[in-house]
Amino acid sequence: MAAPATTNDDVEEGAEAEPAKKGGKGLIIAVILLLVLGGGGFAAFKMMGHKEDPKKKDTAKKEQLLPALYVTLDPPFVVNFQAESTVRFLQITVGIMTRDVEVEKVIKDNDPRIRNDLLLILGNQNYESVSKLEGKEALRQSCLEAVRTVVKDSGGDSVKVEALYFTSFVMQ
């Protein structure tokens with residue numbers, strides 16, 4: 001039994017098919033090798049090379065653990081303003097929140113200046129604006145900015161004045 005004679009076309013097709021099989025196996029092996037090496041390198045980086053500075057970690061924990069400190073400005077603020085044809089009164093008690101003892105001291109030391117600035121802001125309000133929630137929130141924000149300005153001018157860190165709250169808000 002003799003093998004059938006092959007033509008040039010048959011030989012060329014066989015020659016092309018054989019290297020494709022070898023290249024496919026080599027490609028699969030190369031991809032697997034790349035994944036194994038890449039995974040090993042990533043694991044080594046995570047285990048050995050990516051460590052946080054312990055000092056930064058301790059500082060971050062301290063900042064998170066500090067309790068809120070509230071400074072209440074006593075006595076309450078009382079201002080009057082015109083509403084239509086009658087005189088209206090506004091009485092507000094203010095609490096300022098910080099987490100920094102030094103900023104708390106700056107606020108207490110500058111109480112007269114803070115009270116002055118807040119009285120000027122509160123006295124320039126009208127009844128229509130402070131009777132709405134949006135107006136009260138805008139008033140609170142402007143009072144917070146005034147306190148931050150005083151703290152900054154006095155050498156404190158104004159960013160550490162976190163919030164200002166109206167703990168009492170009475171209009172008559």
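This one's a predicted model, so the numbers in the text were calculated from it and none came from an experiment. Any value given below was found using the heavy atoms of this structure, including those in side chains, with hydrogens, waters and symmetry copies removed.
Annotation: salt bridge (charged side-chain N to carboxylate O under 4.0 Å, His left out) contacts involving residues 163-172, sequence neighbours excluded, are absent. Note on residues 113-129: pairs passing salt bridge (charged side-chain N to carboxylate O under 4.0 Å, His left out), not counting sequence neighbours, are R113-D153. Within the structure, the side chain to side chain donor-acceptor pair (under 3.5 Å) test picks out the following pairs touching residues 162-172 (sequence neighbours left out): R99-E162.
Looking at residues two or more places apart in sequence or on another chain, you find a salt bridge (charged side-chain N to carboxylate O under 4.0 Å, His left out) between R140 and E137. Scored by the side-chain contact (heavy atoms from CB on, under 4.5 Å) test, N124 finds no partners at all (sequence neighbours excluded). The side-chain contact (heavy atoms from CB on, under 4.5 Å) search around A30 returns none, not counting sequence neighbours. Taking D109 as the reference, K105 meet the salt bridge (charged side-chain N to carboxylate O under 4.0 Å, His left out) condition, with sequence neighbours excluded. With sequence neighbours excluded, no residue satisfies ring pair (Phe, Tyr, Trp, His ring centres under 6.0 Å) with F89. With sequence neighbours left out, the side-chain contact (heavy atoms from CB on, under 4.5 Å) criterion links L69 to T98, V101, E104. For the side-chain hydrogen bond (donor to acceptor under 3.5 Å, both in side chains) test, residues two or more places apart in sequence or in another chain that qualify with E145 are R148. Residues that satisfy the side-chain contact (heavy atoms from CB on, under 4.5 Å) test with V106, not counting sequence neighbours, are N110, V151, S154.
No side-chain heavy atom of T93 sits less than 4.5 Å from a side-chain heavy atom of F169. In this structure, L144 and V161 have side chains that are in contact, with non-hydrogen atoms separated by less than 4.5 Å. Under the 4.5 Å side-chain criterion, counting only non-hydrogen atoms from C-beta, I96 is not in contact with Y70. Counting only heavy atoms from C-beta outward, the side chains of L139 and I92 approach each other to under 4.5 Å.
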Using the side chain to side chain contact (heavy atoms under 4.5 Å, CB included) rule, take L122 and C143 through it: C-alpha gap first, then chi angles, then the decisive distance, then the call.
CA-CA 8 Å; L122 295 171; C143 289; 4.3 Å; yes
Quick one: do L73 and D111 satisfy side chain to side chain contact (heavy atoms under 4.5 Å, CB included)? Show the steps, please.
CA-CA 7 Å; L73 301 179; D111 182 69; 3.1 Å; yes
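Hydrophobic clustering places V94 together with M171 (ILVMFWY residues linked when any side-chain heavy atoms are closer than 4.5 Å, directly or through intermediates). A continuous path of ILVMFWY side-chain contacts below 4.5 Å connects I121 to L90, so both sit in one hydrophobic cluster.
When hydrophobic side chains of Ile, Leu, Val, Met, Phe, Trp and Tyr are connected at separations under 4.5 Å, V170 ends up as a singleton with no cluster partners.
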